[in-house]
Amino acid sequence: MSAADFVPAGADLDQLREAAKQCQGCHLWEDATQTVFGRGSSSARVVFVGEQPGDVEDQRGEPFVGPAGVLLRRAVGDAGLDPADLYVTNAVKHFKFKRQRKRRIHQTPDRTEIIACRPWLLAEFAQLAPRVVVALGATAAQALLGPSFRVTRQRGILLPWPESAYHLEDFAQPGGSARVMATLHPSAILRADDRETAYKGLVEDLHIAAQALV
Ligand code: SF4
C-alpha cells in the first residue's frame with residue numbers, strides 16, 4: 001500500500017493538497033486528525049522538508065506552525081532568508097504518535113511509512129523548481145538522500161540536486177541547478193542540552209543556503 005493510488009496525475013499543488021486529504025496510503029491516517037500537506041509558493045526558491053507534522057500541526061492542518069515552526073521561522077530570519085521565498089513540507093504527511101494518558105507523544109516514522117508517503121513528496125517536487133532544498137533532520141535527509149546519509153556528519157554541505165537524490169530519476173529537474181543541504185530539525189534544537197549553540201549551528205547552516213541564492 002502507498003500514496004501512489006491517491007496522487008492525481010498532472011495535478012498542481014492546490015489539487016494535490018486537496019487530494020491528499022483522502023489519502024489512506026498507510027495506516028497513519030487512522031489515528032491522526034488530518035493530512036498536513038506542504039505550504040508555500042510554487043515559485044519558492046527554497047524548499048524545506050521536515051519529518052512529519054507534530055501535535056499542533058496535526059490539529060491545525062498546516063506544517064511548521066508548532067514550537068519547532070516558531071523556532072524555524074526565527075532561524076530563517078536570522079539567516080537572511082525571505083519567508084515569502086519558501087515552500088515547507090514533510091516527508092510524511094500524517095502525525096505518528098503514541099498516547100500516554102492525555103498526551104500524544106511523537107513517534108519517528110519508519111522506513112515503510114516514509115516510502116508509502118514518498119509519492120506525495122515526489123508530486124510536490126514535480127511542481128516546484130527550487131534553487132535550494134533543505135532537509136531538516138535525519139528522516140527528511142534519508143528520504144531525499146538515501147538511508148546511508150548521516151546528518152550529524154554531513155550537515156551544512158551543499159550537494160548537487162537532484163543528482164545526489166535517492167533514486168534521482170524520481171526528482172528529475174529539467175535544467176535544474178539546485179542544490180540540497182541537510183541540517184538539524186528545529187525540534188532537535190528545542191531538545192538540545194545546549195540550545196543556544198544548537199540554534200547557532202542551525203542558523204549557520206541556513207546562512208549557507210541563503211548564500212547559495214546569491
Ligand atoms: S502518512 Fe502519507 S501515505 Fe500515509 S496515509 Fe498519510 S498521506 Fe497517506
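Side-chain atoms are counted along with the backbone in the values below, which use heavy atoms only and exclude waters and symmetry mates. Read the numbers this way: they start at 1 and go in the same order the structure lists the ligands and their atoms. Each residue takes its place number in the sequence, starting with 1. Since the model is a prediction, treat every value here as computed from it, not as a measurement.
Atom numbering of ligand 1 starts at 1 in the shown order; those under 4.0 Å from a heavy atom of Val92 are 1 (S). For ligand 1 and Cys117, the ligand atoms under 4.0 Å from any heavy atom of the residue are 1 (S), 2 (Fe), 3 (S), 7 (S). Within ligand 1, the atoms closer than 4.0 Å to a non-hydrogen atom of Ala116 are 3 (S), numbered from 1 in the order shown. Heavy-atom contacts of Gly25 reach the following atoms of ligand 1: 3 (S), 5 (S), 8 (Fe) (cutoff under 4.0 Å).
Between the side chains of His94 and Glu30, no donor-acceptor pair is found at a separation under 3.5 Å.
Pro186 and Leu72 get closest at one heavy-atom pair: CG-CB, 4.0 Å.
Looking only at its N/O/S atoms, His94 has ND1 as the one nearest to atom 6 (Fe) of ligand 1.
The pair Asp170-Arg118 meets the salt-bridge criterion, since a charged nitrogen lies less than 4.0 angstrom from a carboxylate oxygen. A salt bridge links Asp58 with Arg104: at least one charged nitrogen is closer than 4.0 Å to a carboxylate oxygen.
Across the listed options Ala19, Cys23, Ala91, Cys23 owns the non-hydrogen atom lying nearest to atom 8 (Fe) of ligand 1.
Using bins of under 30°, 30° to 60° and over 60° for the plane-to-plane angle, the ring pair Phe125/Trp161 lands in the tilted bin.
Here the rule is side chain to side chain donor-acceptor pair (under 3.5 Å) with Gln52, and of Gln107, Glu57, His106, Lys93 only His106 fits it.
Of all protein heavy atoms, the one lying nearest to atom 4 (Fe) of ligand 1 is Cys26 SG, 2.3 Å.
Looking at Trp120 against ligand 1, only its side chain comes within 4.0 Å, counting heavy atoms.
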